[in-house]
Asker: 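Pasting a structure here, questions to come.
For the numbers below, each heavy atom of this structure counts, side chains included, while hydrogens, waters and symmetry mates do not. Predicted, not measured: the structure shown is a model, and the values here were computed from it. Proteins come first, then strands; the chains are lettered A, B, ... in the order of their sequence lines, and each starts at number 1.
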Number of protein chains: 2
Amino acid sequence: MLDTAPQTYTRADEAFDCLQTAIVKGDLAPGDKIGELDLCSRFDLTRGPLREALGRLESRGLLVRRPHAGVRVVSLSTTELVELYRIREIMEGLAARQAAERMTDQEIADLQATLDAHETMIDEAHGQAYYQAEGDYDFHHRIATGSRNTKLAQMLLGDLYYMVRMYRYRLSTSAGRPHRALGEHRRIVEAIAQRDGELAEFLMKRHINAARENIEKKIQEGVLTI
Amino acid sequence: MLDTAPQTYTRADEAFDCLQTAIVKGDLAPGDKIGELDLCSRFDLTRGPLREALGRLESRGLLVRRPHAGVRVVSLSTTELVELYRIREIMEGLAARQAAERMTDQEIADLQATLDAHETMIDEAHGQAYYQAEGDYDFHHRIATGSRNTKLAQMLLGDLYYMVRMYRYRLSTSAGRPHRALGEHRRIVEAIAQRDGELAEFLMKRHINAARENIEKKIQEGVLTI
DNA sequence: AAAGCCCGGATTGTTGACAATCCCGCGAGT
DNA sequence: ACTCGCGGGATTGTCAACAATCCGGGCTTT
């Protein structure tokens with residue numbers, strides 16, 4: 001047999017995925033105290049694998065656990081959310097630079113095609129910010145893996161993105177930003193296509209910085225309450 | 001009773017700490033395949049808490065696990081080790097900048113005192129690189145926490161440092177570097193004391209960059225074989 | 001009346017046994 | 001002789017019961 005790929009999928013992995021998506025989608029809101037038995041019945045699991053999954057999620061910072069006192073979904077303060085974007089800024093900047101140096105021509109072509117798809121999606125669905133959010137995630141995902149930096153991709157994809165997405169559904173990317181963000185994406189890809197790592201890094205950092213300022217503005221306006 | 005502090009220390013935490021230090025100290029070498037029962041008897045644990053700890057360590061990237069096939073200590077390639085330093089460079093740079101903006105005067109004074117202690121330690125123990133390594137860890141540790149950036153500190157202290165320390169004992173910080181490194185530390189602290197975040201970031205990035213070049217040189221010389 | 005203490009109930013942490021899966025050495029076939 | 005397939009054995013994944021610890025309501029006390 002030549003199915004070297006999927007190995008097997010253990011119950012703990014299942015529990016991990018279920019919980020992670022539940023947290024990201026907002027089914028488990030930040031600050032919620034969640035009982036182990038509740039989770040077991042909800043996802044049809046037993047406590048063994050569940051506890052292993054809880055350990056992993058705690059280690060990634062999505063859950064906080066106090067011994068004998070239960071486990072809660074992490075609740076970021078506004079300053080912590082902003083700090084998260086400061087980290088994203090530098091890490092994605094590095095990813096963009098290394099992606100410009102290392103992505104294959106095929107990967108770059110795919111990336112451009114992805115942006116085209118996003119553009120039609122945005123044009124078709126006015127204000128349907130959901131697709132934009134998913135598209136944005138896809139874009140950053142490809143660059144992270146394109147960096148060929150294992151640990152960097154792991155930290156971005158495994159830690160930061162889930163935490164960002166968990167808070168993003170609340171502010172439902174503001175009206176004007178999708179078009180502007182798409183333009184920024186385009187210019188980043190251009191820099192990558194020209195193998196200009198320095199420029200790609202600069203543009204990516206500015207892109208994330210703009211997103212951060214957007215969020216800070218919303219917080220100050222009181223639109224975004226955490 | 002007013003012992004609000006230590007809560008309780010669960011067996012899984014114990015397992016986690018034991019394994020982590022065993023990996024960092026080299027008792028469990030990279031690439032080793034480790035059986036669960038071996039670990040249980042070695043640390044006097046049972047498999048439940050152990051598996052939870054394994055999950056956490058896997059999530060942090062210190063272990064790799066294949067379902068039904070056992071768990072191995074992660075083994076970094078030379079390029080992955082170098083990439084790790086690229087990540088450290090930008091993250092510690094950010095930490096230094098934010099530390100310059102946010103550390104208290106008391107913390108800065110303590111940091112300077114720490115450096116004085118390191119200096120006497122280095123002078124006393126010629127070539128005893130171990131203390132230098134620990135001192136270096138202490139220095140970076142203080143700056144990470146001084147950044148007041150929760151997630152950043154968590155990523156540095158929880159993920160990157162353990163991985164770096166795990167490989168550091170092999171190259172036993174080269175002869176000339178301790179003094180030079182101490183000088184670099186001193187200048188970083190000066191910048192922090194003057195609240196010059198930009199300079200602190202620049203100096204820290206250059207400091208880590210030098211460490212990376214040092215390692216790359218060793219690898220090319222064939223001294224450091226992974 | 002407000003604050004502090006204590007106890008019962010529920011939840012978490014831990015354990016040992018059971019079932020499913022993979023690795024390794026052996027034999028058969030080419 | 002080398003490759004391929006196949007059990008036996010060991011190891012991992014999973015489960016359900018046991019023990020330890022924390023939270024909330026009622027009571028006493030000042």
Asker: Heavy atoms, side chains only, cut-off 4.5 Å: are A/Lys151 and B/Leu160 in contact?
Answerer: yes

Asker: Can you find a side-chain donor-acceptor pair between B/His118 and B/Asp136 that sits under 3.5 Å?
Answerer: no

Asker: Distances under 3.5 Å only, N/O to N/O: pair up the protein atoms with those of nucleotides 8-14 of chain C.
Answerer:
residue : atom : partner : partner atom : Å
C/dT12  : OP1  : A/Glu36 : N            : 3.4
C/dT12  : OP2  : A/Glu36 : N            : 3.3
C/dT12  : O3'  : A/His68 : N            : 3.4
C/dG13  : OP1  : A/His68 : N            : 3.4
C/dG13  : OP2  : A/Glu36 : OE2          : 3.4
C/dG13  : OP2  : A/Arg51 : NH1          : 2.4
C/dG13  : OP2  : A/Arg51 : NH2          : 3.3
C/dG13  : O3'  : B/Thr10 : OG1          : 3.2
C/dG13  : N7   : A/Arg47 : NH2          : 2.7
C/dG13  : O6   : A/Arg47 : NH1          : 3.1
C/dT14  : OP1  : B/Thr10 : OG1          : 3.0
C/dT14  : OP1  : B/Arg11 : N            : 2.5
C/dT14  : OP2  : B/Thr10 : OG1          : 2.8

Asker: Looking at side-chain heavy atoms only, is the closest gap between B/Ile23 and B/Leu63 below 4.5 Å?
Answerer: yes

Asker: Starting from P on D/dG13, measure out to CG on A/Leu50 and report it in whole angstrom.
Answerer: 16 Å

Asker: What pairs with B/Asp38 under salt bridge (Lys or Arg N to Asp or Glu O under 4.0 Å), at least two apart in sequence or on another chain?
Answerer: none

Asker: How many Å lie between CD on B/Glu14 and C1' on D/dA20, as a whole number?
Answerer: 16 Å

Asker: Can you run down the salt bridge (charged side-chain N to carboxylate O under 4.0 Å, His left out) pairs that involve residues 50-60 of chain A, sequence neighbours left out, and say none if there aren't any?
Answerer: A/Asp13-A/Arg56, A/Glu36-A/Arg51, A/Arg51-B/Glu52, A/Glu52-A/Arg56, A/Glu52-B/Arg51, A/Glu52-B/Arg65, A/Glu58-A/Arg65

